[in-house]
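This report concerns only the one structure given below.
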Amino acid sequence: MAPKLQIALDTFDLPGALGPLQKAAPHVDIVECGTILVLCEGYRAVRAIRALFPDKQILADVRIAEAGSTIARLAFEAGADLVSCVAGASLATIEQVCKVAAEFNGEVQVELADEWYDADRARAWRAAGVQHVIVKRSRDREAAGDLSWKPDDLARIDELASLGFTVTITGGISPKDLPTFAGHPVGIVIAGRSIVEADDPAAAARELKDTIERVWS
């Protein structure tokens, strides 16, 4: 099965997010209210996008590190389907988030840092109820000039999928990156700037979606 396409909206305001989203929406499966957007606009961004796109899955990328129950509940009450946690959050926090998610029939995602991975901890997340993990090429890694996806990244995708997670990839992804992942069990591809900053967000999203279908056909 081909991965889903997720658009990451990390703009500084809601109008800046809604402009490209409204054009790209027919070609994306999941809408991410990015960390920057939520920090700038609060949960009203989630509520607004839920109202405009009732049939899309919405991720509130709030990167929960603590206060898991409170932050997760606010996100799900605003209309999110998924919330994110940082990999460094305590297992108690992850368990709190998963418990609240179950109340709302929501899902939980953990975002792995570039330098952080512990298979035993990942198993504990899965046992707690985490469904999704992100393998990423961070914005800071890109800024440092490291644009490659490494064999360790691909091995991590395979191992995490074998543990039962839906694995998401992100980090400045464009169509030319996708063949690198052919044959690997990627569940979701996140694209932000390559869609949001494109002259034609609809065409950019369509190209990504078409490339995903070809690579995983």
Side-chain angles (χ1 to χ4, degrees), residues 1-11 17 20-21 23-37 49 53 55-61 63 80-85 87 107-114 117 122 130-142 146-198 200-217:
M1 181 181 297
K4 293 180 178 180
L5 177 59
Q6 177 173 315
I7 183 173
L9 302 172
D10 261 315
T11 60
L21 174 59
K23 296 172 183 175
H27 310 290
V28 303
D29 305 294
I30 303 169
V31 179
E32 173 188 327
C33 293
T35 308
I36 293 170
L37 178 61
I49 290 170
F53 299 95
D55 298 326
K56 297 289 185 187
Q57 279 192 300
I58 296 176
L59 164 69
D61 188 19
R63 303 192 189 190
D81 299 290
L82 304 94
V83 296
S84 64
C85 301
E107 299 179 6
V108 179
Q109 172 192 81
V110 173
E111 181 168 349
L112 300 183
D114 287 337
Y117 182 60
V130 173
Q131 296 97 334
H132 303 264
V133 288
I134 292 180
V135 174
K136 66 184 290 187
R137 177 177 62 186
S138 71
R139 186 173 295 196
D140 293 339
R141 182 168 144 190
E142 288 182 77
D146 185 355
L147 303 179
S148 64
W149 288 91
K150 305 181 187 310
D152 284 353
D153 296 322
L154 301 178
R156 187 177 295 185
I157 291 168
D158 294 344
E159 181 176 7
L160 289 165
S162 75
L163 295 177
F165 293 105
T166 298
V167 181
T168 297
I169 56 171
T170 188
I173 289 179
S174 66
K176 70 178 186 301
D177 293 304
L178 294 175
T180 301
F181 302 96
H184 294 278
V186 174
I188 301 170
V189 173
I190 301 178
R193 287 160 284 164
S194 62
I195 297 175
V196 174
E197 297 178 5
D200 186 342
R206 185 169 57 248
E207 182 183 6
L208 277 159
K209 191 72 170 176
D210 290 345
T211 305
I212 288 170
E213 295 291 341
R214 286 198 306 273
V215 169
W216 277 273
S217 62

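Given the structure is predicted, the values throughout are model-derived calculations rather than measurements.
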* Minimum side-chain heavy-atom gap T166-Q131 below 4.5 Å -> no

* **Set of salt bridge (charged side-chain N to carboxylate O under 4.0 Å, His left out) partners for K209, sequence neighbours left out** => D29

* Do the side chain of T35 and the main chain of D61 share a donor and acceptor less than 3.5 angstrom apart? -> yes

* Side chain to side chain, F165 and V110, heavy atoms closer than 4.5 Å -> no

* To do: Can you spot which of V215, I188, T168, V186 makes a side-chain contact (heavy atoms from CB on, under 4.5 Å) with P3?
  => V186

* Stepwise, does the side-chain contact (heavy atoms from CB on, under 4.5 Å) test hold for I190 with I173? -> CA-CA 7 Å; I190 301 178; I173 289 179; over 6 Å; no

* Closest heavy-atom contact between L163 and A122? -> CD1-CB, 4.1 Å

* **From E213 atom CD to L178 atom CG, the distance as rounded to the nearest 0.5 Å** => 11.5 Å

* Structure fact -> Looking only at heavy atoms, the pair that brings A17 and L9 closest together is O-CD2, 3.8 Å

* Asked: Does the E32 side chain pair with the main chain of I7, one donor and one acceptor, at a distance under 3.5 Å?
  -> no

* With a 4.5 Å limit on heavy-atom distance, are the side chains of P175 and L208 in contact? -> yes

* Asked: If you measure from CD1 on I169 to CZ on R156, what distance do you get to the nearest 0.5 Å?
  -> 13.5 Å

* To do: Would you indicate whether K56, at its atom NZ, is surrounded by more than 12 heavy atoms from other residues, nucleotides or ligands within a distance under 6.0 Å?
  => yes

* To do: Could you tell me the separation between the CG atom of D81 and the CD1 atom of I58, rounded to the nearest 0.5 Å?
  => 6.5 Å

